[in-house]
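Report on the following structure.
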2 protein chains.
Amino acid sequence: MTQESRPGGTRRGRRNEPGRRDTIIDACLDVLAREGVAGTSHRKVAAQAGVPLGATTYYFDGMDGLLHEAFTRFATSISDRFERRMTAAEDLDAAREAVVAIVLEDVFGDDRDLVLSHELYTLAARKPAFRAITSAWMARSRAALERHFDAETTRMLDALIEGLTIHRALDAEPRDPGEVRAAVARITRASGLQH
Amino acid sequence: MTQESRPGGTRRGRRNEPGRRDTIIDACLDVLAREGVAGTSHRKVAAQAGVPLGATTYYFDGMDGLLHEAFTRFATSISDRFERRMTAAEDLDAAREAVVAIVLEDVFGDDRDLVLSHELYTLAARKPAFRAITSAWMARSRAALERHFDAETTRMLDALIEGLTIHRALDAEPRDPGEVRAAVARITRASGLQH
DNA sequence: CCAATATGTGGACGCTCGTACACATATTGG
DNA sequence: CCAATATGTGTACGAGCGTCCACATATTGG
């Protein structure tokens, strides 16, 4: 059993906390959501995670490395949810309704996800290294959509989802769910695959 | 006639350069496009504009004030172009084609505008003060679209434009112009106003 | 049980940052 | 022509930043 030489005091030297990296990544996402990329620093992440400053540079390759892992985790989790929704849909109408649910519930439901998405897009627009994350995310979304829609419709739909999401974020008043449904209907009209 | 006491040397005291504020705002946009909000500082803007550091705090109310004016100028100029395109269109088909041109030429044509848009959106997603800028921008775009399309279609189209733009930015390969045209056609099918 | 090693930390270094303000000079009013 | 004022600037301050590394300690191998 592990004994602490100075219980309650500052411990130095070797430790055994396997979840450390994970804790730091999650803390990084918290800070990102709260302060944005601009306001995220090693020190703030360390404080949020409850680890010493040195740990954030020890486990990750600079700030960019940390951001990369954090946003990868974020994009993957959003992507998972998207895929689950689309896979669960059994026919074309269910697929359309799944898209509506994604727009209305998944992204709009949570300010945090929305803000994080924007931060990631902005970073990706500037740094190619982060574009790999958004590309993978988009590729997965499209693959999921293509279970139900043809390739062209999929790309249009993907763009529409994005646009509806963004505008919802910047709009003051809430959007009519019926309108989202109608927009999805227009884009996907007669463009389904056989099931 | 204005005489300089120390020609070629450092000048202090009262000066008469009315374009100073403008110069600084433009320089700020340059820095923003190059380095992002995160990397923009008074010093960098001052260097870019060729003015002393003090000038950037003298003419503007802190960094936020400067950012606000810079992004206002940016959004207004994009918005002008949008409005001009839509106003020039004389019938429904021309309006559809104008939208395609906006997507393909205006936004995608210039990486700088794209990056600046993202930076602004991200800021707006986090700070309400900047949301006023994006709201005004969106309101103008919609008003311009409503010259040709009904209100519901306008909102859908606005979102679609946004989404196509964003995805174009993050996509590696160029998008087929025909597909943009097709997407616009689907959304606007039988939704025009009388002219 | 004792080296050797792996693991992690605290603190320091050099930098950039935003802001504030004493002061220098151009302009203006009398 | 001279005070008074408007206009702008140089500089300094304190804070926060990323990164680095000597070192402390837990673990392991012999």
Side-chain angles (χ1 to χ4, degrees), chain A residues 1-25 27-28 31-32 34-70 123 127 129-130, chain B residues 1-25 27-28 31-32 34-70 119 123 127 129:
Chain A
M1 194 172 285
T2 302
Q3 300 289 341
E4 297 197 355
S5 50
R6 283 183 283 163
T10 308
R11 290 184 304 175
R12 296 182 70 109
R14 189 168 189 169
R15 318 213 8 203
N16 187 22
E17 299 182 28
R20 213 67 181 282
R21 272 182 65 90
D22 276 357
T23 305
I24 293 174
I25 291 174
C28 182
V31 176
L32 282 170
R34 187 167 9 98
E35 319 246 9
V37 171
T40 299
S41 69
H42 281 138
R43 280 161 231 265
K44 285 180 189 168
V45 172
Q48 175 78 31
V51 302
L53 168 61
T56 61
T57 55
Y58 178 73
Y59 287 106
F60 300 92
D61 198 14
M63 196 68 216
D64 259 29
L66 178 50
L67 285 180
H68 201 275
E69 294 216 40
L123 216 50
K127 300 190 186 178
F130 289 89
Chain B
M1 195 170 287
T2 302
Q3 300 287 341
E4 297 198 356
S5 50
R6 281 182 284 164
T10 306
R11 290 185 303 174
R12 296 183 70 107
R14 189 166 189 169
R15 312 204 26 193
N16 187 21
E17 298 183 29
R20 214 65 182 280
R21 272 182 66 90
D22 275 358
T23 306
I24 293 173
I25 291 174
C28 182
V31 176
L32 282 170
R34 186 163 14 95
E35 319 245 10
V37 172
T40 299
S41 69
H42 281 139
R43 281 161 231 266
K44 285 180 189 167
V45 172
Q48 174 78 31
V51 301
L53 168 61
T56 61
T57 55
Y58 179 73
Y59 288 106
F60 300 92
D61 197 14
M63 197 65 217
D64 259 30
L66 178 50
L67 285 180
H68 201 276
E69 293 216 40
E119 296 284 350
L123 216 51
K127 300 190 186 179

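FYI, side chains are in, hydrogens and waters are out, and symmetry mates aren't considered; it's all heavy atoms of this structure. Residue numbers begin at 1 in each chain, while the letters A, B, ... track the order of the sequences.
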To the side chain of [X], which of [options] is closest?
| X | options | result |
| --- | --- | --- |
| A:S41 | C:dT19, D:dC17, D:dT9 | D:dC17 |
| A:R20 | C:dG8, C:dG18, C:dT9 | C:dT9 |
| B:L53 | D:dT11, C:dG8, D:dT19 | D:dT11 |
| B:P52 | D:dG10, D:dG18, C:dT9 | D:dG10 |

So what's C:dA12 paired with, Watson-Crick or G-U wobble, going by both distances under 3.5 Å?
-> D:dT19
With a 3.5 angstrom cut-off on both distances, give the Watson-Crick or G-U wobble partner of D:dT28, or none if there isn't one.
->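 Base-paired to C:dA3.
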Hey, is the main chain of B:V37 close enough, under 3.5 Å, to the side chain of B:E119 for a donor-acceptor pair?
-> yes
Which atom pair, heavy atoms only, marks the closest approach of A:V31 to A:G39?
->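 Between these two residues, the closest heavy atoms are CG1-O, 4.4 Å.
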So, for B:P52 and B:R20, which heavy atoms are closest and what is the spacing to 0.1 Å?
-> CD-NH2, 3.4 Å
Test side chain to side chain contact (heavy atoms under 4.5 Å, CB included) applied to B:V45 and B:L53, B:V51, B:T40, B:I25, the passing residue = B:T40
Do any side-chain nitrogens or oxygens of A:Y58 fall under 4.0 Å of OP1 or OP2 in C:dT7?
->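 No, because none of the side-chain N or O atoms of A:Y58 sits under 4.0 Å from OP1 or OP2 of C:dT7.
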Would you say a side-chain N or O of B:R21 is under 4.0 Å from OP1 or OP2 of D:dT7?
->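 No, B:R21 has no side-chain N/O under 4.0 Å of OP1/OP2 on D:dT7.
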Roughly how many Å is it from CZ in A:F60 to C1' in D:dT19, rounded to a whole number?
-> 16 Å
With a 3.5 Å cut-off and just heavy-atom distances, do the side chain of B:R43 and the base of C:dG18 make a donor-acceptor pair?
-> yes
